[in-house]
Structures are given as C-alpha cells and as structure tokens.
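For reference, the structure discussed in these notes is given below.
The figures here come from the full heavy-atom set of this structure, side chains too, leaving out hydrogens, waters and symmetry mates. In what follows, residues are counted from 1 in the order of the sequence shown. Read the numbers this way: they start at 1 and go in the same order the structure lists the ligands and their atoms.
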Amino acid sequence: MAHSSRKEKPLRPATKILTEGFDPHLSLGSARPAVFRSSTYVFDSPEAAEHAFDVTSGRAKLREGEGSNLIYSRFNHPNAEMLEDQIVNLEKGSTAALAFNCGMAAIVTSLFTFLRPGQSIIYTIPIYGGTQHFIQDCLSQWGIVGIPVLSGDSDRINRAIRSAKKLAVVLLETPANPTLIMTDIKEVCDSVSQLKIPKGVTRPLVMVDNTMLGPSFQHPLVLGADLVLYSGTKYLSGFSDLLAGIALARHRDLIRRIRSTRGLFGTILQPDECWMLAGRLPTVRLRMDKSSIDAQRIAERLAEHTKIQRVLYPTLFTDPEQKRIYQAQCDYPGGMLSLELKGGKREAFNFLRHLKIARNAVSLGGVETLACHPKTTTHSGFTEAEFVEAGVTDGLVRISVGIEHWRDLLDDFEQALAAA
Ligand SMILES: *Cc1c(COP(=O)(O)O)cnc(C)c1O
C-alpha cells in the first residue's frame, strides 16, 4: 500500500501512526479503511494471474509502480497490508511487518522459518509458557536443541552464545514475566555480532519478544536485534477482545522469508481483526503511558505495606546491574508489577479473592486491571527447580494495571490486603 514520501524532518511515531501507511483513495476515499472480507482476488487476465504467482513464489519481482500482489487471503489481503504498513511507524528501526492470528503464531512461524534440524536456539527463562513448551517439547522433536539461560545473567548468556553448536537463533523475552528481570539486549546483540562465523554460514538471528514494554518503551531493533515479536493480544490491541501477533524486522528480507512460511501455515490474521487492531494503534502510546504512570504510583506505595515482602517493579530494582539495564534500555517502567505477599499461597489466593475492581484473569495489557497467581496458572508447567531459579514463589501475584483511576485501584489492593 502507498507510503507518503516525506523529505522534511522525520515525524515521530505518535504522528506517523495517524498520517502514514493508510491511503484513503484505496478505500473509496473513506477516512477509515474498508474491510475486505474476500478470501480470493480476481485477476485482470491469465497473464496477470501467472505474474502474481511468480511474484508470490519468488520467481519474479513486483514491477515498478505495482503496489500489491493479491491472490488469496491465506497469503495476503488488504487489511493485513494496511495494518503492517501502519505498525512499522510505531516500532523504531523497523522496515517491514507481518500480522499473525496470535502471538504464538508469530513466534512459531518465525522460529520454523529460521531453524533447521541439528541447529540450536538460546532462550531466556522465564519465558512465555507457550514459547517454552514449543521449544522444549516440539522443536526438540525436530532435532533442534533449546538452550535455556536465566534472564539478566549476561555472563551466562554470552558464554552460551560462544559455546552453542550451530546456533541459529537467540530469543530474548525482556522484561521477564512475572519477575520483570531484564536482559541487556544490546550486549546480546554485540556478543552475537562478534562471533566468528565460518564462510557460507549465516550469523545467528537475535529475536526479542517485546510484548511487555514495546512498542512505546523499549526498542530492540535500534539496539541491534533482527526481529521483534509481539502478542498483539496485549497492549497493542488493549481491550482484551481479540487475539493477534506481529513480527517486525530491520531488514525486509527476513520478513519476506517469514511471509512465505506464514502463507504455508495459514497463520495470517483475519481481515476484521486486522481492521480492529489497526484502529487501536494510535492509542497504544496513550494507554501504555497511563498504565505505566499509575503502575509506578501503585508499586511504590504498596512497597511500604506491612503484608508485602517485596514489590517487583523496575523503579524498585535494588540490584545495580538490573538498575543499569533498566535505565539504558527502557523509556518508562511499564504497567506490569508483581507483589510478593508474606503469607505465601494462602494469602495470595485470599488477596485475589477479595479484589473488587481488579479481575482475577491471566493475560495483560488491557484497559482493565487484571491480577493472577503465576505459580498455579501461567507458570504452572514449571518444575520445582524452575520455580526457584526463576523466582516464581507461592506468594507472588502478577498485576497488569489498566487505566482505571489509580487511587481506586490502590484502595482496592489495600482493602484486599487487609482482608487477606
Ligand atoms: C501472551 C503472550 C504471548 C502469546 O501470545 P498469544 O497472543 O496469546 O498467542 C507471547 N509472549 C508474551 C510475552 C505474551 O505475554
């Protein structure tokens, strides 16, 4: 789809998201995009059909002035293109994007594109449960070696990067969920770029699951990462009413390769969801700013509470290395916090039971505040050793702060603590 070309001062993401990536002329002049629910597209001639298939399978390139190549909606459709053209405006350093029908679809499709039997993937733990399950229990059956390394432990990650055999991908999730431990993205990228790569072998790719702080507060592509992945289900969509996934890259070539896998797997996002998600993008910054400001107020006040052991939140980090990474890597601390209650599981459950505003649900990044007990829900697949190593304790409650008034939320947490 059309991009307006600007020679003037580059615009900031908040402006670009409203001015670039959507051409009203391609939607009959409509100020908002039309929804194209078609599964198939009509060709002008058999020659045009032949050319379209040549382009899609990589045998030919799009001709000068040829905007798009529409064949069949498992490969591509206008609402996915519009969403992709718009979202690159939000992710600093990105040149191309792909929309998927959920975050796991983005992760699975991207990993399958670049990993081959015999190769290895380094990943930080704790990582999203589905991602861990996929690497440990699915990729392993295809002869792909998963190498877990503890989030934030730069020395161990660097050693793993240097010693892994046939390393193809380094996948970081930072901050880690639910402990918010941060991994230094730039250091990992530098470490990968310093590897001596034999001729004919491709350099390992650095992928970052940026769901927690991106695209507003953390910019992995600017720090040297190759690919950024999202569960668009969370902050990007923001209303807990749709599933989506996004991949964004510095280089178009990576996106071209993942697109081909997406066409095969059928993991593209459907037109209606693309349209909904595109409409949410201009407010991502407003929603994330608001929940970050309020989460910080709440976290810093609850840190003093007598029933709370500690509050896990970036502005409350005590480890100097974690403080350094946070300051170097993130613009704001974000809307996620975790509370460690003194009484363990019983107190944590009672706290959740007594909440009146915050709802007891997994997921995050919505306008409504959600709270859950990671050890028995999102992270219940961990082994005892993994719980200890990752710091997921019995008393831990994870909170995704929404956009309600923060004083009402604080009152709610305080009354639930009093009752717990
Ligand atoms: C939710 C989530 C995912 C998975 O996304 P879905 O949209 O549920 O498939 C992946 N990574 C992180 C960090 C998540 O929070």
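- Enclosure of atom NZ in K16 by more than 12 non-hydrogen atoms of other residues, nucleotides or ligands within 6.0 angstrom is indicated.
- Ion pair D190/K186 flagged as a salt bridge, since at least one NZ, NE, NH1 or NH2 atom sits closer than 4.0 Å to an Asp/Glu carboxylate oxygen.
- Other residues, nucleotides and ligands place no more than 12 heavy atoms under 6.0 Å from the OH atom of Y72.
- Partners of D319 according to the side chain to side chain donor-acceptor pair (under 3.5 Å) rule, which considers only residues two or more places apart in sequence or in another chain, do not exist here.
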Write out each pair where an N or O from ligand 1 and one from the protein are under 3.5 Å apart, with the distance.
unit_1   : atom_1 : unit_2 : atom_2 : d
ligand 1 : 5 (O)  : S231   : OG     : 3.0
ligand 1 : 7 (O)  : G103   : N      : 2.8
ligand 1 : 7 (O)  : S231   : OG     : 2.8
ligand 1 : 7 (O)  : T233   : OG1    : 2.6
ligand 1 : 9 (O)  : G103   : N      : 3.0
ligand 1 : 9 (O)  : M104   : N      : 2.8
ligand 1 : 11 (N) : D209   : OD2    : 2.7
ligand 1 : 15 (O) : K234   : NZ     : 2.7

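- A search for side chain to side chain donor-acceptor pair (under 3.5 Å) contacts involving N76 returns E81, not counting sequence neighbours.
- Listed by chain and number, the residues in a side chain to side chain contact (heavy atoms under 4.5 Å, CB included) with K345 are F349, H373, T376, D394 (sequence neighbours excluded).
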